[in-house]
Amino acid sequence: MHRWRTDPAYARCIPFGLFIAMLVLAPYLWALGALGSSDAANWLVLGRGAIVALALAWFWPTYSELSRPASARPADWLLAAAGGIAVFLLWIWFDQDWAVLSRSVGFIPHDPEGGMDWFKALARLAGFALVVPLMEELFWRSFLLRWLERHDFLSVEPRQIGARAFFITAALFALEHDRWFAGVIAGAVYAALYIRSGNLWVPIAAHVVTNAVLGSWILYTQNWRFW
């Protein structure tokens, strides 16, 4: 168990793997009748965020680049904010059928009477805006982007990452999301911020901005399909 907790690859892959496993499991639970209502499905989504958050907390001592980050310039943080907002705009703009792999009703945080359940809504927003960016950036940028450059990924400085790893990671990041076209641009933006700054907190910040603004927009407009 100690080796699992301190292994840098496990620490970056296991939270992401748990997230994907629970995404894959959900349709089978529906088919088996384990999720008998949309409310049960909503609780599964919230539970997924909580489990991933606990996994990140368990592995936190292993994330040395988060506890001892490289210095970033003010321009890097400004670009992170601008990039995060740009990705949000692209995400809601490219909602055409050709740019979407599949559609769903999304997460609808209603109570049994049809009103807004603010506990579920805010819990979903917290997981969406805080847990998901941290988990995904640790896997896609900190691990996979550098691992594709060299398997001893901790020895790879972000500025050493080449075009091959950049484009492969952006493409795979797109396939993780229903909105594949906006996803590939998002993956490229976050990777470019990481490579430019050398600091993982910069793409995490951009990703947080994207998801926080998107989640707030979803709650305001009730366009649940984006969730």
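Along the sequence shown, residues are numbered consecutively beginning with 1.
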Between Asp76 and Arg196, is the salt bridge (Lys or Arg N to Asp or Glu O under 4.0 Å) condition met? List the steps. CA-CA 8 Å; Asp76 294 323; Arg196 182 184 190 278; 2.3 Å; yes

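- At most 12 non-hydrogen atoms from other residues, nucleotides or ligands lie less than 6.0 angstrom from CH2 of Trp93.
- Taking CZ of Arg179 as the start and CZ of Phe94 as the end, the distance is 12.5 Å to the nearest 0.5 Å.
- Remark: the backbone N or O of Ala11 is paired with a side-chain donor or acceptor of Tyr63 at under 3.5 angstrom.
- Proximity of a side-chain donor or acceptor of Thr169 to a complementary backbone N or O of Phe166 within less than 3.5 Å is not detected.
- Salt bridge status for Asp97 with Arg103: present, with a side-chain N to carboxylate O gap under 4.0 Å.
- In this structure, CD1 on Ile85 lies 12.0 Å from CG on Leu90, to the nearest 0.5 angstrom.
- Phe107 is listed as a side-chain neighbour of Leu46, based on a closest heavy-atom distance under 4.5 Å.
- Nearest heavy atom pair, residue Ala9 against residue Phe143, reads CB-CE1, 4.0 Å.
- Phe59 has its side chain within reach of Pro15: a pair of non-hydrogen atoms, C-beta onward, lies under 4.5 Å apart.
- Ring centers of Trp147 and Phe153: at least 6.0 Å apart, outside the cut-off.
- Test Val156, Ile161, Ile168 against Leu145 for side chain to side chain contact (heavy atoms under 4.5 Å, CB included) and you get one pass: Ile161.
- Without hydrogens or angle criteria, Glu149 side chain to Ala165 main chain gives no donor-acceptor distance under 3.5 Å.
- At a threshold of 4.5 Å between non-hydrogen side-chain atoms, the residues Ile92 and Trp217 count as touching.
- Between the side chain of Glu136 and the main chain of Pro133, no donor-acceptor pair closer than 3.5 Å is present.
- Shown here are the side-chain contact (heavy atoms from CB on, under 4.5 Å) partners of Leu54, two or more places apart in sequence or in another chain: there are none.
- Looking at every heavy atom in both residues, Asp178 comes nearest to Ser102 through OD1-OG, 3.1 Å.
- At least one donor-acceptor pair closer than 3.5 Å links the side chain of Arg159 to the backbone N or O of Ser197.
- Shown here are the salt bridge (Lys or Arg N to Asp or Glu O under 4.0 Å) partners of Arg150, two or more places apart in sequence or in another chain: there are none.
- Counting all heavy atoms, side chain and backbone alike, Ala72 lies closest to Asn199 at CB-ND2, 3.9 Å.
- Distance alone, capped at 3.5 Å, is enough to place a donor-acceptor pair between the Ser67 side chain and the Ser64 backbone.
- Shortest non-hydrogen contact noted between Phe128 and Asn211 is O-ND2, 2.8 Å.
- A salt bridge does not link Arg141 with Glu65: none of the charged nitrogens is closer than 4.0 Å to a carboxylate oxygen.
- Tyr190 and Thr210 share a donor-acceptor pair across their side chains, judged by distance under 3.5 Å alone.
- Rounded to the nearest 0.5 Å, atoms CG (Leu56) and CG (Leu66) are 9.5 Å apart.
- In plain terms, the two heavy atoms of Ser142 and Arg12 that are nearest each other are OG-NE, 2.8 Å.
- Looking at Trp140 and Leu172, their side chains come closer than 4.5 Å, going by heavy atoms from C-beta outward.
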